[in-house]
There are 2 protein chains.
Amino acid sequence: MNAISKNDLMTLLIRALKTNGLKITEKRQILLNVFLKNPDTHFDFDTLYQEAKKEWPHYGVATLYRNLRIFVDKGILSENIIGNKKYYELKMFNKKKIHAHLICKYCGSIDEYYSPDLVKYIKMIDKKYDFDVYYGELNFYGICSNCKRAIKNDLK
Amino acid sequence: MNAISKNDLMTLLIRALKTNGLKITEKRQILLNVFLKNPDTHFDFDTLYQEAKKEWPHYGVATLYRNLRIFVDKGILSENIIGNKKYYELKMFNKKKIHAHLICKYCGSIDEYYSPDLVKYIKMIDKKYDFDVYYGELNFYGICSNCKRAIKNDLK
DNA sequence: TTGATTGCAAAATATTTGCACGTCA
DNA sequence: TGACGTGCAAATATTTTGCAATCAA
């Protein structure tokens, strides 16, 4: 196994900042670190804000809003709106790039789903509509297997 | 051709209101009529508000917000968030139900796309993840054919 | 040094709510 | 009539902006 360490990932992220002409500030590192600590999570604004404040109590909302926007623009984070909330995730972790979210209406869990069929499907859109897809948001709402099981048990 | 007339569609919508225990008020009819007038359009709040005000100058924001939420909850309208805006469309027109939006980053146009492959794709998710999909939002961002052509001409 | 970044507070937007009045069934 | 719906204004929530101070390069 050659899993990439969190330190390595941070190095990559810092390189990404440099590449984009952004300064490596402590506030930005704190933010990116929140993502690194929990790579599979989709964070909403409030959670990010609370987590950032744990590291730096004076972290300002404006700073967070500004950096989120910059990071999304520069392609470091992706933004996904589910329900009424915006969720952010490190694009780095989604080498799969375009993936789908499976959102459970019962427990609110957000899982990711990816398959080569999705790529095939997108290529088909390109061809059929002469539309160049370069990014996609796919949200499927439904009931996850855990909740299905729980519901069945309740009915017993 | 047996195209359904707008009157018929309004009748269906009114029936939908009744079925859901909602009163048939003038304000609601005005709102639904905005959608009927332009069936293929995805309306944002401001556009809906302006259109409603044309028919009833005192139409209030609260009324519009409330009715939009009710209609979305009852499944009469669907809500889709693109960029920072919420867009609404009559579900009635989307018998296809789950369809994708092709959003052009240049001109902002929003086209709809549907194919049986999408249905197949969703069924696969059901099976593979044991996740019951009952609704989906799919937004693909890219460049539409018109803009591609325009860009090519500019480069000449 | 110098332009980018930050925190704070204020401003601008977006959305919801309380309430008196109106109206659909 | 009576519950539901509406408009207005006020309250909240969300996001952006101006600006002086600070910081990274």
Side-chain angles (χ1 to χ4, degrees), chain A residues 10-11 13-34 42-74 76-88, chain B residues 10-11 13-34 42-74 76-88:
Chain A
M10 185 51 96
T11 308
L13 285 171
I14 286 176
R15 190 180 303 171
L17 295 190
K18 279 185 192 157
T19 307
N20 284 291
L22 298 171
K23 290 193 172 162
I24 322 298
T25 67
E26 195 176 359
K27 312 302 144 59
R28 285 176 177 161
Q29 293 188 65
I30 286 173
L31 174 56
L32 294 172
N33 221 16
V34 174
H42 302 72
F43 292 97
D44 62 14
F45 182 89
D46 290 330
T47 309
L48 288 171
Y49 189 54
Q50 281 162 34
E51 291 299 314
K53 267 179 133 34
K54 279 183 193 166
E55 298 299 316
W56 193 271
H58 286 276
Y59 211 109
V61 274
T63 304
L64 185 50
Y65 274 116
R66 277 188 285 236
N67 278 328
L68 286 175
R69 186 140 53 103
I70 290 169
F71 288 175
V72 170
D73 286 349
K74 299 297 188 187
I76 293 165
L77 295 177
S78 73
E79 186 188 73
N80 198 276
I81 306 176
I82 295 172
N84 261 354
K85 269 192 190 137
K86 291 179 180 171
Y87 290 87
Y88 298 89
Chain B
M10 184 51 95
T11 308
L13 285 171
I14 287 177
R15 190 180 301 171
L17 295 190
K18 279 185 190 156
T19 307
N20 284 292
L22 299 171
K23 290 194 171 160
I24 323 299
T25 68
E26 194 175 0
K27 312 303 143 61
R28 284 175 179 163
Q29 293 188 62
I30 286 172
L31 174 55
L32 294 172
N33 220 16
V34 174
H42 301 71
F43 292 97
D44 62 15
F45 183 89
D46 290 330
T47 310
L48 289 171
Y49 188 54
Q50 281 162 34
E51 290 300 314
K53 266 179 137 29
K54 279 184 193 166
E55 297 298 317
W56 191 271
H58 287 275
Y59 212 109
V61 274
T63 303
L64 185 50
Y65 274 117
R66 278 187 286 234
N67 279 327
L68 285 174
R69 186 140 53 104
I70 290 169
F71 289 175
V72 170
D73 287 349
K74 299 298 187 184
I76 293 165
L77 295 177
S78 72
E79 185 187 73
N80 197 276
I81 306 177
I82 295 171
N84 262 356
K85 269 193 190 136
K86 292 178 179 171
Y87 290 86
Y88 299 88

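Below, read A as the first sequence line, B as the second, and so on, with proteins coming before strands; counting in each chain starts at 1.
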- [ ] Can you tell me the distance, in whole Å, between the CG atom of Asn67(B) and the C1' atom of dG7(D)?
- [x] 13 Å
Open item on the list: Below the 4.0 Å mark, does dT6(D) have OP1 or OP2 next to a side-chain nitrogen or oxygen of Trp56(B)?
Closed with: no
Open item on the list: At less than 4.0 Å, is any side-chain N or O atom of Tyr65(A) found next to OP1 or OP2 of dT15(D)? Yes or no.
Closed with: yes
TODO: Verify the ring-centre separation between Tyr88(B) and Phe71(B): is it less than 6.0 angstrom?
DONE: no
Open item on the list: Once you apply a heavy-atom cut-off of 4.0 Å, does Phe45(B) come out as touching a base, just sugar-phosphate, or nothing?
Closed with: nothing
Task: Distance test, side-chain N/O of Thr25(B) to OP1/OP2 of dT23(C), below 4.0 Å - done: no
- [ ] For the side chain of Ala62(A), starting at C-beta, report the closest nucleotide among dT16(C), dA9(C), dT15(D).
- [x] dA9(C)
- [ ] Describe the nucleic acid contact of Arg28(A) in one word from base, sugar-phosphate, nothing, applying a heavy-atom distance below 4.0 Å.
- [x] sugar-phosphate
Open item on the list: Does Ile24(A) form a side-chain contact (heavy atoms from CB on, under 4.5 Å) with Gln29(A)? I'd like the steps, not just the answer.
Closed with: CA-CA 7 Å; Ile24(A) 322 298; Gln29(A) 293 188 65; 3.4 Å; yes
- [ ] With heavy atoms under 4.0 Å as the rule, sort Lys23(B) into base, sugar-phosphate or nothing.
- [x] base
Task: Of the listed nucleotides dG5(D), dT16(D), dG7(C), the one nearest the side chain of Arg66(A) - done: dG7(C)
Open item on the list: Any side-chain N or O of Lys27(A) below 4.0 angstrom from OP1/OP2 of dG7(C)?
Closed with: yes
